[in-house]
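For reference, the structure is listed below as structure tokens.
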Protein chains: 2
Amino acid sequence: MKNIHRLPTSTDVARLAGVSQSAVSRTFSRRGSVSEQTRAKVVAAADQLGYRPNALPAIMQGQRSQMIALVTGRMQNPFYARVLQALTNALQQQGQQVLVSCVDSDHALDDAINQSMRYRVDAIVSALAVITPATAASLSRTGIPVVAFNNVQNAPGVSSVNSDNETAGRQAAAHLMTRGCQHFGFIHGPQDSPAARQRWQGFSVYLAEHGVNDIASACGDFSYQSGAAAALQLWREGSGPQGLFCANDLMALGAMDTLRQTLGVKIPDDVAVIGYDNTDASAWDAYQLSSFDQDIETMAKETLAILEHYRSSKQSIVRTVPALLLARASSA
Amino acid sequence: MKNIHRLPTSTDVARLAGVSQSAVSRTFSRRGSVSEQTRAKVVAAADQLGYRPNALPAIMQGQRSQMIALVTGRMQNPFYARVLQALTNALQQQGQQVLVSCVDSDHALDDAINQSMRYRVDAIVSALAVITPATAASLSRTGIPVVAFNNVQNAPGVSSVNSDNETAGRQAAAHLMTRGCQHFGFIHGPQDSPAARQRWQGFSVYLAEHGVNDIASACGDFSYQSGAAAALQLWREGSGPQGLFCANDLMALGAMDTLRQTLGVKIPDDVAVIGYDNTDASAWDAYQLSSFDQDIETMAKETLAILEHYRSSKQSIVRTVPALLLARASSA
DNA sequence: TTGTAAGCGTTATCAG
DNA sequence: CTGATAACGCTTACAA
């Protein structure tokens, strides 16, 4: 006796409809041709049985799985949340599915990738910096496309989509200079974030080009708390900069709160602050934080375009999407 | 000639290792017995070829797919982001995968569920309120377990995990009364959120039991902006309540900003505010918003426990997890 | 401990 | 337009 809880198969439908299994397949796959009469019988039988086509066998036959793996960091960081949202949206519109992994260590990343591979995902999109050389190598050998999202990846065969961090860094510096700042500060992101480093690069190089070589800086890890701590450090070490650029919004918000409430520093009167990400909270009345908007929706679309292109060319591609400075009260 | 870009299969490995395909299967599935010698040959051949076991055939054989579908709302709402994080974490520890769908309309939800089903997910977890009767029915017929996350679901055969919204609502009222408030206000969530309704229920009933029948209220949609608008409305209509409970934190934060900056109302001197979710931002210096922590990690674990239990009992279960009031400066 | 062979539920090919 | 039939890459008896 068969298992009662087995889902109905195309064969079950075929039997009930009095047609061949292939007829059922053709009816649902929309390939090949089926007479209107047959289709009607099949459809009737199918929903009498509550039939749901099984996607797995098709994948085994070599069709694309329509699943992509997305590897991101922790959702506490609103940037990752937005990335997930944008990518999920874009993919679902195309009928693709998203297999997510939230990860916080290198080891876990490799693990997550290996797990996803077992399900034969069509591609891997990683918003995380680190892929070990071993993983990168074995990945490129499989020929499965990998897109680094907002992370320049030196690994060969890895495509990437990035916001133009360096130009943004330069813009931040220019904006603060225009506003009359003479002393500058920067709050770094985690060491392993290429994006954060590029922001620093643009910022510091621009300032150097304009005769400023002494930038006060402190290190953070992209969290609110680390931003608060960094601000404390910067202002304890001296009188504090007049222009502060932070590698992301969360740290900028933490810094703002500490500046205003603990250190009694006025924003923007005593110091102008700029962040990066245009997190929702940046627009809140309590902050009005100037920030760079990364246009994640466009980056998501670019990601899909890269994957589409890769299918024919097998070439890895690097795209850069400009970030837009939204000047708000924090730097007015 | 075979497709060059085909991934290596267990048969390829077997051929290279000079053993049977089943030997390879046994080596990787850890069932059955393999001699140390054979295993060594197999492993060597496998990573020479870059072999990755394919999970799909096993699923077709009736094994569990180790994938669960998660349906949530938009990640702009930090609550959903935390749910995703917690669930993903808990599942990945068990070697399970998460197929996500972010959804904002009923129609899209049914669609997302149907798509997931094609991949033979082991279960569906929905943090969204609405499942149409049709979907619910066809779902229960398939026997696939469904867990409503923080959404009481009247549909039969649907399990759920909820934070104790009603008790929390009562606690909020009690807390505000103890503090000496006499006039109360509430900002509602979306109409279709059972959780938000239960919070209101607890809040209003407790107050009624203590002689307060007149509660000023306005409607929001869980967003910061809607909270700001609701506050404006409440204070324009009268002198404003002394105790304000909001169906979630985002709305409470919006209300706080509007109260302080637009209306010049002091918190907590003129009005005490309580939110729900214990969003990260609630703990920020600029807000110090009292809030209920839902202990999402526990709820995630309960979800897995329910699924585990369901496997043997086929019984749907309802669990309630207490929410903890974190009293901060906004209601001090 | 091994290998052989029969499925799993589709799609793809090819006669009718 | 339709229906057999052979894959797809595994797991799982069963036999050796």
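Values below: all heavy atoms of this structure, side chains included; hydrogens, waters and symmetry mates excluded.
Applying the salt bridge (charged side-chain N to carboxylate O under 4.0 Å, His left out) test to every pair with at least one member in residues 60-72 of chain B, sequence neighbours left out, gives these pairs: B:R64-B:D122.
Going from atom OH of B:Y119 over to atom P of C:dT10 covers 14 Å, rounded to whole Å. Atom CZ in A:R120 sits roughly 17 Å away from atom C1' in C:dT10 (whole-Å rounding). Look at CG on A:L7: it is 9 Å from P on C:dG9, rounded to the nearest Å. Rounded to whole angstrom, the span from the CE atom of B:M60 across to the C1' atom of D:dT12 amounts to 14 Å. Separating the CZ atom of B:R15 from the P atom of C:dT4 is a distance of 14 Å, rounded to the nearest angstrom. Between the C1' atom of D:dA7 and the CD atom of A:Q21 lies a distance of 13 Å, rounded to the nearest Å. Going from atom CD of A:Q37 over to atom P of D:dG3 covers 11 Å, rounded to whole Å.
The side chain of B:V34 approaches C:dT2 more closely than any other nucleotide in the set C:dG3, C:dT2, D:dC10. Here the nucleotide nearest the side chain of A:Q61, chosen from C:dT10, C:dG3, D:dG3, is C:dT10.
Between the side chains of B:T11 and B:Q21, no donor-acceptor pair is found at a separation under 3.5 Å. With hydrogens and angles left out, the side-chain atoms of A:N89 and A:Q85 include a donor and acceptor closer than 3.5 Å.
One finds no side-chain N or O of B:T11 lying less than 4.0 angstrom from the OP1 or OP2 phosphate oxygen of D:dC10. The shortest distance between the side-chain N/O atoms of A:T9 and the OP1/OP2 oxygens of C:dG9 is not below 4.0 Å. Between B:S20 and C:dT2 there is no side-chain polar atom (N or O) within less than 4.0 angstrom of OP1 or OP2. For A:S25 and C:dG9, the shortest distance from a side-chain N or O to OP1 or OP2 is not below 4.0 Å.
Residues from residues 41-59 of chain B that place a heavy atom under 4.0 Å from any atom of DNA chain D, listed by number: B:Y51, B:N54, B:P57, B:A58. Within residues 62-69 of chain B, the residues that have a heavy atom under 4.0 Å from DNA chain D are, in order of number, B:Q63.
The side-chain hydrogen bond (donor to acceptor under 3.5 Å, both in side chains) search around A:R52 returns B:N114, B:S138, not counting sequence neighbours. Taking A:A148 as the reference, A:N151, A:Q153, A:V158, A:S160 meet the side-chain contact (heavy atoms from CB on, under 4.5 Å) condition, with sequence neighbours excluded.
A centroid separation of less than 6.0 Å is found between the aromatic rings of A:Y51 and A:F28.
You won't find any donor-acceptor pair under 3.5 Å spanning the side chain of A:S22 and the base of C:dT11, going by distance alone.
Residue A:Q191 qualifies as open at atom CD: its count of foreign heavy atoms under 6.0 Å is 12 or below.
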Before you tell me yes or no, could you show the steps for A:I124 and A:V147 under side chain to side chain contact (heavy atoms under 4.5 Å, CB included), namely the whole-Å CA-CA distance, both residues' side-chain angles and the distance that decides it to 0.1 Å? CA-CA 6 Å; A:I124 296 175; A:V147 181; over 6 Å; no
Taking only N/O atoms, report every protein-nucleotides 14-16 of chain C pair under 3.5 Å with atom names and distance.
none

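No side-chain heavy atom of B:V98 sits less than 4.5 Å from a side-chain heavy atom of B:L87. Contact annotation: the side chain of A:L128 approaches that of A:Y80 to within less than 4.5 Å [non-hydrogen atoms, C-beta and beyond]. At a threshold of 4.5 Å between non-hydrogen side-chain atoms, the residues A:T72 and A:V100 do not count as touching.
The two residues A:T38 and A:A23 make their nearest non-hydrogen contact at CG2-CB, 4.2 Å.
Along DNA chain C, the nucleotide nearest to B:G18 and the one nearest to A:P8 differ in position, and the one closer to the 5' end is contacted by B:G18.
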